[in-house]
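All remarks here apply to the structure that follows.
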2 protein chains.
Amino acid sequence: MTKRPTIHDVAARAGVSKSTAAVVFSSPDDVSQARRERVLAAAAELGYTPNAWARSLRSTSGGFVGIIVADFHNPLFTEIADAARQLLAAQGIFSFVASASIVDGPDGKILDREPIQHLLDLKPQSLFIVGGLPDLSPFANLPGHIRVVVALSSAHELPGAVTVRTDESAAMDLVCAHLADLGHSRLAYIGPVGRRVAEDRRDAFVRAASAHRMTTTIESTGTAMDEPSGSDAAERVLALAEAPSAIVCYNDNVAFGVQNALERHQDRSVAVTGYDNTYIARLERIALTSIEQNTAEIARRSCDLLSNEDAFAAAVGTDILIAPELATRSSTETVTV
Amino acid sequence: MTKRPTIHDVAARAGVSKSTAAVVFSSPDDVSQARRERVLAAAAELGYTPNAWARSLRSTSGGFVGIIVADFHNPLFTEIADAARQLLAAQGIFSFVASASIVDGPDGKILDREPIQHLLDLKPQSLFIVGGLPDLSPFANLPGHIRVVVALSSAHELPGAVTVRTDESAAMDLVCAHLADLGHSRLAYIGPVGRRVAEDRRDAFVRAASAHRMTTTIESTGTAMDEPSGSDAAERVLALAEAPSAIVCYNDNVAFGVQNALERHQDRSVAVTGYDNTYIARLERIALTSIEQNTAEIARRSCDLLSNEDAFAAAVGTDILIAPELATRSSTETVTV
DNA sequence: TTGTATGCGTTATCAA
DNA sequence: TTGATAACGCATACAA
């Protein structure tokens with residue numbers, strides 16, 4: 001097997017022309033049954049499978065889905081990408097995953113165009129972008145027939161794209177309702193600013209909290225959204241004259257930092273909530289109440305759009321919002337005020 | 001930009017033939033300076049970059065490195081893959097990452113050949129396999145010029161490959177020396193069986209512990225290596241007549257389970273160590289002493305082999321062992337016995 | 001040094 | 001229905 005068999009080898013073995021053999025794999029009905037069976041048999045004996053990339057080169061589309069993961073290290077992203085691959089494979093559509101490479105530029109993050117161009121050169125039938133990219137311009141002038149679906153981020157820069165993301169309002173409503181039930185009335189929110197998702201989430205929090213008649217304080221972590229920045233922000237919040245009884249965080253990482261700060265202050269009275277319901281939040285030592293984004297449903301809806309032309313056409317330009325759930329754990333089982 | 005410029009367009013604009021233009025990009029010295037500059041200028045104006053896959057199709061090798069990540073969800077793997085990409089890019093070598101898809105077969109895990117075949121069809125110059133795959137046979141009959149480097153796993157099935165992995169003996173020696181320093185003399189080890197790395201690590205533990213004159217108990221987690229299995233195994237160990245004063249774990253996940261079990265028993269006297277020094281181990285609430293695999297060094301050595309033919313030839317068939325480090329945290333700051 | 005012709009593995013367009 | 005031929009974007013042996 002040091003060399004793969006080609007359509008040429010199959011044709012020779014079956015005693016037909018290259019073109020006839022090729023047709024067997026593209027539109028089997030256009031060839032007589034006798035020849036079709038001979039070709040198929042020859043292909044099976046040789047272990048022939050078409051070379052997808054030679055096909056791509058010749059055709060306008062390779063018939064596969066290109067998946068671009070914004071950040072390999074975000075388990076949410078890889079989970080969705082993985083689920084999408086399986087769903088598409090079940091439909092007989094194969095997919096190819098590429099990681100976006102994001103580098104530091106003079107002003108902010110910059111999206112490296114090279115790996116994306118390489119994926120585009122493979123001529124995907126449609127594109128699935130998982131997670132937020134600093135820049136969507138590489139996808140602005142795609143050949144019109146390529147469908148683009150963006151998950152977990154907004155694609156307002158791409159008029160022809162469809163976005164599938166978590167319903168932030170519903171999420172923050174779950175959080176605030178839960179805290180209201182527990183008797184909280186003064187909340188703080190800790191999270192980053194600047195990025196679209198960040199603004200959405202914070203605004204959703206403010207709306208939800210006020211709907212539940214709770215007062216709010218917003219503490220920014222700048223552009224950071226990790227454990228140390230959460231810890232720092234928590235210190236500032238705890239120093240406030242009217243300290244809150246619960247702290248709602250942009251994501252789990254920030255919440256871990258907040259938990260650390262509370263631990264340093266020996267303060268077990270303040271409730272903390274996260275967002276993403278990561279593996280870590282489930283650990284008994286952490287036990288963080290957190291929003292679970294419905295990744296399975298996000299993947300399912302995305303794949304539907306990716307593979308179904310009509311479904312995509314009907315949804316183009318819209319945001320599809322997926323309802324999240326709240327996983328409640330002991331981080332919100334505190335002394336109520 | 002709805003259509004990418006081809007070498008044809010560049011040649012037309014520069015007023016030379018296709019081949020001349022092509023040569024400018026493959027062996028620039030073989031063309032006169034005047035024409036070279038005209039071609040380069042035309043390419044720049046058009047924004048031309050070569051289509052790597054068309055090049056691959058024509059040549060025996062596309063000159064890029066194919067990276068296969070065994071499991072997207074293992075942060076260690078993605079970290080190494082990412083580092084390798086950057087190191088290779090700095091050398092002007094581009095790389096393409098594909099995730100292996102591992103499915104459940106009748107007896108055990110099965111490696112899906114399709115995505116791998118697709119990557120192979122792209123004709124990589126060399127292959128970088130990150131992490132353990134259930135089956136290396138798809139790589140057994142590669143065209144001879146393709147170099148294969150395997151990181152974090154063993155490649156004894158592939159005679160022509162080179163393995164780069166952590167020195168398990170050194171790792172377990174660090175752990176046991178640390179525990180010996182703290183006065184421990186009875187150790188338990190909790191981890192899975194069956195896989196090569198698992199056996200290596202356990203055997204290394206036994207050797208290191210006996211070198212430090214400590215007694216050992218081995219508790220298996222079967223094939224599992226996650227938090228619940230660690231928790232269960234810890235319960236069994238704690239029920240032992242002569243309970244150990246320290247528990248050494250196969251990895252961090254298992255160790256988190258052990259920590260949970262200890263927490264349930266209100267037992268702060270038993271030391272726990274992990275392996276991988278994940279992001280989670282660093283969280284203040286977890287503070288797990290753990291072995292840090294030197295991913296940067298693993299990536300560096302691997303890339304050296306990947307890009308340097310001579311270095312690879314010298315190392316073929318061998319295992320390159322990378323020294324790990326021990327990150328000590330409060331999980332081993334217990335009451336000493 | 002430069003251009004012409006051919007092929008990589010496939011699909012598409014024609015005649016036959 | 002089938003098969004010869006061209007083309008996708010590129011590289012290379014060969015001729016000029």
Side-chain angles (χ1 to χ4, degrees), chain A residues 2-39 42-43 46-64 94 117-118 120-125 143 145, chain B residues 2-39 42-43 46-64 94 117-118 120-125 143 145:
Chain A
T2 206
K3 190 183 178 316
R4 286 196 71 186
T6 74
I7 191 82
H8 187 98
D9 303 321
V10 174
R13 190 166 233 270
V16 299
S17 76
K18 263 179 297 196
S19 348
T20 309
V23 175
V24 171
F25 291 95
S26 50
S27 33
D29 295 338
D30 287 4
V31 60
S32 68
Q33 181 173 344
R35 285 177 187 256
R36 185 180 14 180
E37 280 169 3
R38 286 221 323 265
V39 169
L46 263 45
Y48 166 81
T49 51
N51 182 324
W53 313 128
R55 171 182 291 174
S56 271
L57 182 61
R58 175 62 224 216
S59 320
T60 47
S61 157
F64 74 100
F94 95 88
Q117 190 57 61
H118 282 307
L120 256 23
D121 282 344
L122 254 17
K123 295 187 184 168
Q125 152 213 106
H145 57 88
Chain B
T2 206
K3 190 183 178 314
R4 284 197 72 186
T6 74
I7 193 79
H8 187 97
D9 303 321
V10 173
R13 189 169 236 271
V16 299
S17 77
K18 266 177 292 197
S19 2
T20 309
V23 173
V24 170
F25 291 96
S26 49
S27 32
D29 294 339
D30 288 3
V31 62
S32 67
Q33 180 173 345
R35 286 180 186 254
R36 185 180 20 185
E37 281 170 0
R38 284 221 325 264
V39 169
L46 263 43
Y48 166 82
T49 51
N51 182 324
W53 313 126
R55 174 181 291 172
S56 269
L57 184 60
R58 171 63 223 232
S59 321
T60 47
S61 156
F64 74 101
F94 95 89
Q117 189 56 62
H118 282 306
L120 257 23
D121 281 344
L122 255 15
K123 296 187 185 167
Q125 153 211 104
H145 57 88

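Below, chains carry the letters A, B, ... as their sequence lines are ordered, and counting in each starts from 1. Any value given below was found using the heavy atoms of this structure, including those in side chains, with hydrogens, waters and symmetry copies removed.
Each of Arg55(A), Lys3(A), Arg4(A) was evaluated against Asp121(B); a single residue qualifies, Arg4(A), per the salt bridge (charged side-chain N to carboxylate O under 4.0 Å, His left out) test.
Note on Arg58(B): a base of the nucleic acid sits closer than 4.0 angstrom, heavy atoms only. Residue Tyr48(A) is in sugar-phosphate contact alone, with no base atom involved, counting any heavy-atom pair closer than 4.0 Å across all strands shown. Among the protein residues, Ser32(B) comes within range of the sugar-phosphate backbone only, with heavy atoms under 4.0 Å from sugar or phosphate atoms but none that close to a base.
The side chain of Ser17(B) places no N or O atom within less than 4.0 Å of a non-bridging phosphate oxygen (OP1 or OP2) of dT4(C). Between Arg4(A) and dC8(C) there is no side-chain polar atom (N or O) within less than 4.0 angstrom of OP1 or OP2.
Closest approach to the Lys3(B) side chain among dT10(C), dT2(D), dG9(D) is made by dG9(D) (side chain taken as heavy atoms from C-beta onward). Across dT2(D), dT12(D), dA12(C), the shortest atom-to-atom separation from the side chain of Thr20(A) is found for dT2(D). The side chain of Pro50(A) lies closest to dT10(C) when the candidates are dT10(C), dA4(D), dA11(D). Of the candidate nucleotides dG3(C), dC10(D), dT11(C), dT11(C) has the atom lying nearest to any side-chain atom of Ala22(A).
With the 3.5 Å cutoff on both pairing distances, Watson-Crick and G-U pairs in DNA chain D assemble into runs of at least 3 at C:3-16 with D:1-14.
Nearest-nucleotide mapping onto DNA chain C: of Arg36(B) and Lys123(B), the residue sitting toward the 5' end is Arg36(B).
Separating the CZ atom of Phe25(B) from the P atom of dG9(D) is a distance of 15 Å, rounded to the nearest angstrom.
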